[in-house]
Number of protein chains: 2
Amino acid sequence: MYFCTNVCILKVTIVDIAKKLNITPSTVSRALAGNKRISEKTRELVKNTADTMGYQPNQLAAALRKGVNDSIGMVVPRINRHYFSNVICGVEEVLNKAGYNLSILQSSELLEKETNAINTLRQSRVGGIIISLSLETENYDHLKELNEQIPLVQFDRVCESITGPKLVNANYDGTRQATQYLLDKGCKRFLHLAGKDTNNVYKERKRGFTDALKDAGIPEKNIEVVEIIPTREEGRDVITKLWKHQQFDAVICAGDYAALGVMEALKQINVSIPDEVKVLGFANEPFAELMSPSLSSVEQYGEEMGRKAAYAMLNKIKDDSLDYTEVLPVKLICRESTR
Amino acid sequence: MYFCTNVCILKVTIVDIAKKLNITPSTVSRALAGNKRISEKTRELVKNTADTMGYQPNQLAAALRKGVNDSIGMVVPRINRHYFSNVICGVEEVLNKAGYNLSILQSSELLEKETNAINTLRQSRVGGIIISLSLETENYDHLKELNEQIPLVQFDRVCESITGPKLVNANYDGTRQATQYLLDKGCKRFLHLAGKDTNNVYKERKRGFTDALKDAGIPEKNIEVVEIIPTREEGRDVITKLWKHQQFDAVICAGDYAALGVMEALKQINVSIPDEVKVLGFANEPFAELMSPSLSSVEQYGEEMGRKAAYAMLNKIKDDSLDYTEVLPVKLICRESTR
DNA sequence: TACAAAAATACAAACGTTTGCATTAATAGC
DNA sequence: GCTATTAATGCAAACGTTTGTATTTTTGTA
């Protein structure tokens with residue numbers, strides 16, 4: 001069917017259709033949009049010839065003229081992180097159905113890349129931005145500015161002092177519940193490997209941990225909190241160093257990767273899990289279930305988070321005054337590492 | 001500093017700057033672009049006032065006028081698959097540095113969503129598309145058409161009959177080497193859980209498997225190939241059913257998730273891995289290393305693939321006649337499941 | 001058949017850039 | 001001091017849509 005070359009296929013525009021049918025571009029535009037002002041007959045005619053000519057509407061021109069863009073931007077710390085990639089899927093699912101499409105950028109946990117990403121998205125005039133902050137982000141000026149300009153939805157790692165929809169996981173409840181669970185198991189000496197305190201996620205997890213222990217009357221000397229970057233390596237290193245001076249029977253980590261490191265380190269020095277130490281992670285990464293012993297963790301539902309963030313965006317676009325914080329429930333998953 | 005409202009910040013345009021400085025928009029445009037035709041003095045002046053006014057260039061307008069867009073589209077089967085999310089990171093890394101940005105869409109393994117994604121990207125006039133095909137895609141008309149219109153780079157799951165840059169993993173070599181490794185270990189009765197034969201990736205993996213065995217003189221009756229959708233569930237189910245009639249001492253799977261299912265099923269019926277059966281996967285998912293016994297697999301370097309795909313795109317944009325297939329090396333990773 | 005009302009379409013400006021060409025200002029050469 | 005040359009800027013059209021308003025065509029009614 002395609003006898004003509006690239007160029008001609010690519011360049012078919014509303015004016016070409018208009019010329020072919022001896023009508024005006026405006027009529028074509030309206031016909032394609034299904035406007036009732038155009039007669040049923042010409043509407044059909046236009047649609048058909050548009051099809052046969054291989055017409056592809058020019059999003060750029062339309063967005064420029066309309067002043068609104070039906071694509072939404074998304075900024076995440078890392079695309080290849082299980083949790084975030086799941087959130088992306090959820091967002092995509094909802095936005096796609098609503099006729100929007102998604103531009104995804106990653107900040108790689110860097111403030112500079114985050115700022116760049118935001119600027120890129122603004123320059124391409126996205127209709128809104130869904131963001132989860134980088135670990136490095138402690139100054140929020142760029143966000144405050146952004147928030148005054150286009151619809152902004154924050155999720156997971158958020159800046160609380162910025163108005164608008166914010167969706168977070170029940171980090172406090174999750175860790176508190178997890179800690180309580182270990183208390184019930186009879187643990188006495190607790191270690192928490194926490195993340196940066198400037199981050200709402202890690203701050204809340206730490207708070208859940210300490211509150212649970214305080215309420216249970218555990219003496220301070222049996223509670224230790226160490227702030228790390230929650231990676232496999234740091235988890236391993238920190239435990240290895242720490243264990244020489246101090247032992248625990250419960251280690252609660254701010255993330256599964258740190259917990260993985262902890263377990264590896266403990267195995268290496270022949271500390272038995274869960275008999276001598278119980279280990280708990282957070283995020284329920286796919287590997288948690290499959291390790292040996294399998295790792296207890298806290299599931300946070302990424303796709304659901306994504307869907308909620310997308311709906312929040314759709315609503316925020318309609319009503320700019322939207323301002324709330326929703327806390328999504330998480331679920332403690334008990335496995336061998338805490339039996 | 002921001003006394004004025006949303007609207008006014010958002011709307012600052014090249015004309016506003018021009019008015020403020022009593023010069024024309026064209027001068028402003030050229031100044032911002034660093035054009036030498038504009039005097040050093042006004043260039044600086046314009047840039048400074050643009051900054052203080054919070055000017056954000058309108059990508060839409062520029063792309064519309066220039067007829068080219070500095071954003072690249074990417075279509076992958078699933079964003080939340082470890083391999084693909086790694087490829088995305090690689091692509092992003094390179095394109096970002098080159099001043100492009102990325103729009104990522106997922107096909108969810110469906111032809112229809114793939115076609116939609118492509119259309120969406122074309123409508124937003126991306127400068128090129130990097131794609132890995134959905135499993136469902138067996139008809140390539142939409143790709144052939146696309147390939148005549150904008151720069152197209154295929155990776156991993158490709159259509160061989162379409163010209164242009166194609167980057168694939170050494171699926172044949174990888175499986176062949178893996179099979180040879182099991183032959184060397186003394187295995188005699190081989191099972192391959194293959195994926196769809198219409199897919200280049202799975203076809204090559206199967207070919208590597210059968211070629212290795214044929215060359216080793218393994219009799220046909222000791223070779224079995226079963227085509228499945230390589231998921232955990234199917235791996236589990238197929239083995240459970242199969243094992244009743246037929247046993248093997250080597251199971252080579254087209255993917256790690258299928259291998260995981262296989263191992264679970266075998267554990268359930270008390271078949272020992274690796275003593276009675278050796279199991280091998282493909283892709284080296286993060287969990288492979290952490291399982292017990294740990295799963296031998298074939299590493300395919302996602303980020304490197306992404307970087308190569310991005311470079312291919314940058315080159316293809318410059319030179320449309322580019323047409324080659326590059327095979328990226330993979331690496332057999334031997335672990336406990338094949339000891 | 002004429003005429004108002006309604007339906008269908010046409011006209012033209014606008015969105016914010018970029019860019020070829022025209023114009024003005026500045027410098028140089030004599 | 002006057003023209004030739006170069007440097008700096010201005011003008012206006014174009015990219016492909018959308019949309020308010022104007023115009024034409026059709027329909028209905030008397």
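Model, not experiment: these values are computed from the prediction. All values below were derived from every heavy atom in this structure, side-chain atoms included, with hydrogens, water molecules and symmetry-related copies excluded.
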For this session: Could you tell me whether the side chain of Glu160(B) and the main chain of Asn200(B) form a donor-acceptor pair under 3.5 Å?
Result: no
For this session: Select base, sugar-phosphate, or nothing to describe what Asp16(A) touches, counting heavy atoms under 4.0 Å on all strands.
Result: nothing
Exercise. Hey, is the side chain of Thr24(B) pairing donor to acceptor with the base of dC11(D) inside 3.5 Å?
Worked result: no
Exercise. Is there a donor and acceptor pair closer than 3.5 Å between the side chain of Arg65(B) and the base of dT17(C)?
Worked result: no
Exercise. Base, sugar-phosphate, or nothing: which does Asn35(A) touch, judged by heavy atoms less than 4.0 Å apart?
Worked result: nothing
Exercise. So what does Ser26(A) touch, heavy atoms closer than 4.0 Å: a base, only the sugar-phosphate, or nothing?
Worked result: base
For this session: Whole angstrom is fine here: how far is it from CD1 in Ile23(B) over to C1' in dC11(D)?
Result: 14 Å
Seminar exercise, completed: Quick note, Lys66(B) side chain, CB onward, closest among dT19(C), dT19(D), dT9(D) is dT19(C)
Problem set entry | Shortest side-chain distance from Thr27(A), nucleotide among dG16(C), dT9(C), dT19(C) | dT9(C)
For this session: Could you check which of dG16(C), dT9(D), dA10(C) has an atom nearest any side-chain atom of Arg37(A)?
Result: dA10(C)
Exercise. Any ion pair linking Lys113(B) and Glu136(B) (charged N to carboxylate O, less than 4.0 Å)?
Worked result: no
For this session: Return yes if a side-chain donor-acceptor contact under 3.5 Å exists between Tyr324(A) and Asn315(A), otherwise no.
Result: no
Exercise. Near Lys20(A) NZ, under 6.0 Å, is it more than 12 heavy atoms from other residues, nucleotides or ligands?
Worked result: no
Exercise. Contact class for Thr13(B) vs. all strands (heavy atom < 4.0 Å): base, sugar-phosphate, or nothing?
Worked result: sugar-phosphate
For this session: Look at the side chain of Ser29(A) and decide which nucleotide, out of dC15(C), dT18(D), dT17(C), has an atom nearest to it.
Result: dT18(D)
